[in-house]
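This report concerns only the one structure given below.
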Amino acid sequence: MDSPSHIPYSSYIEYPPDEMIRRAREFRLEVQRRRTVRDFSDKEIPDEVLKDCIRAASTAPNGANLQPWHFAVIRSPELKRKIRIAAEKEEREFYTNRAPNEWLEALQPLGTNEYKPFLEKAPCLIAIFSQSYGVDEKGKKRKHYYVKESVGIATGILITALHHAGLATLTHTPSPMGFLNELLERPDNEKPFLLLVTGYPAEGVTVPDIGKKSLSEISTFR
Ligand code: IYR
């Protein structure tokens, strides 16, 4: 097989060490301000912001560059309502029957429950789908690799891009999420990965008083 053509990496920028240190600190402080919120305002957000954040997400490194994702942006009040109804049905089952006590105890500090009004209130939901295989123009299937890793990285970039733009998000995973395929008319090769609720935080919103592990708890240098 021919090897693919290669081009110079001309978009790369090298910074001197002190500038690198400054940039790393600045970025860390920027992402450290991000908090997940569960209460949104209904203020509209520009489509252009969403488009650029999805473009940013699509730069994620991924298995064999097959880009195994689809981002379904939902702004229609009617669709949001249908999604809320379907998600709350699953969540009710989760909180009353499916979740073991240990899980419910772990969720206690977050104060979550089966009611998901944000699914209707927030101006935008982004349903992220992973594709276990692609389908070419002739209908031929092509297997995708490292699908969860790839979509997880893309989702991380999307969340960070939305935060950087000045929006708040909530990573919501009603389980199971199969209803999203039906409501959003997505094909069989796609599986819902998560639902990213996106918008402005509600005025006076509060967040759980919880923190992150320290560097020494999460890393080793040798
Ligand atoms: N999907 C449920 C439960 C839930 C689970 C985890 I793990 C969380 O970090 C938060 C919630 C819900 O959305 O309420």
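All ligand and atom numbering here is 1-based and tracks the order in the structure.
- The closest protein non-hydrogen atom to atom 2 (C) of ligand 1 is E91 OE1, 2.8 Å.
- Counting only non-hydrogen atoms, the option in T171, L194, L107 that gets closest to atom 11 (C) of ligand 1 is L107.
- Exactly one of I54, T171, L158 qualifies for a side-chain contact (heavy atoms from CB on, under 4.5 Å) with I128. That residue is L158.
- In terms of polar-atom proximity, R38 is not counted as a contact of ligand 1, lacking any N or O under 3.5 Å from an N or O of the ligand.
- Ring-centre distance between F94 and W103: below the 6.0 Å cut-off.
- With respect to L29, the side-chain contact (heavy atoms from CB on, under 4.5 Å) criterion is satisfied by exactly one of Q32, R33, E26: Q32.
- Within the listing of ligand 1, atoms 12 (C), 13 (O), 14 (O) sit less than 4.0 angstrom from a heavy atom of K116.
- What sits closest to atom 7 (I) of ligand 1 on the protein, heavy atoms only, is W103 NE1, 3.6 Å.
- Residues Y95 and T112 bring a donor and an acceptor atom of their side chains to less than 3.5 Å of each other.
- Within the listing of ligand 1, atoms 9 (O) sit less than 4.0 angstrom from a heavy atom of L110.
- Within the cation-pi definition used here (under 6.0 Å to the ring centroid, within 45° of the axis), K43 qualifies as a partner of Y200.
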Exercise for review: Take R84 and E88 through the test salt bridge (charged side-chain N to carboxylate O under 4.0 Å, His left out) and record every step on the way to the result.
Suggested key: CA-CA 6 Å; R84 175 184 178 175; E88 284 184 340; 3.0 Å; yes
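- Atoms of ligand 1 lying under 4.0 Å from at least one heavy atom of Y95, given by number and element, are 2 (C), 3 (C), 12 (C), 14 (O).
- Within ligand 1, counting atoms from 1 as listed, the ones closer than 4.0 Å to a heavy atom of H172 are 13 (O).
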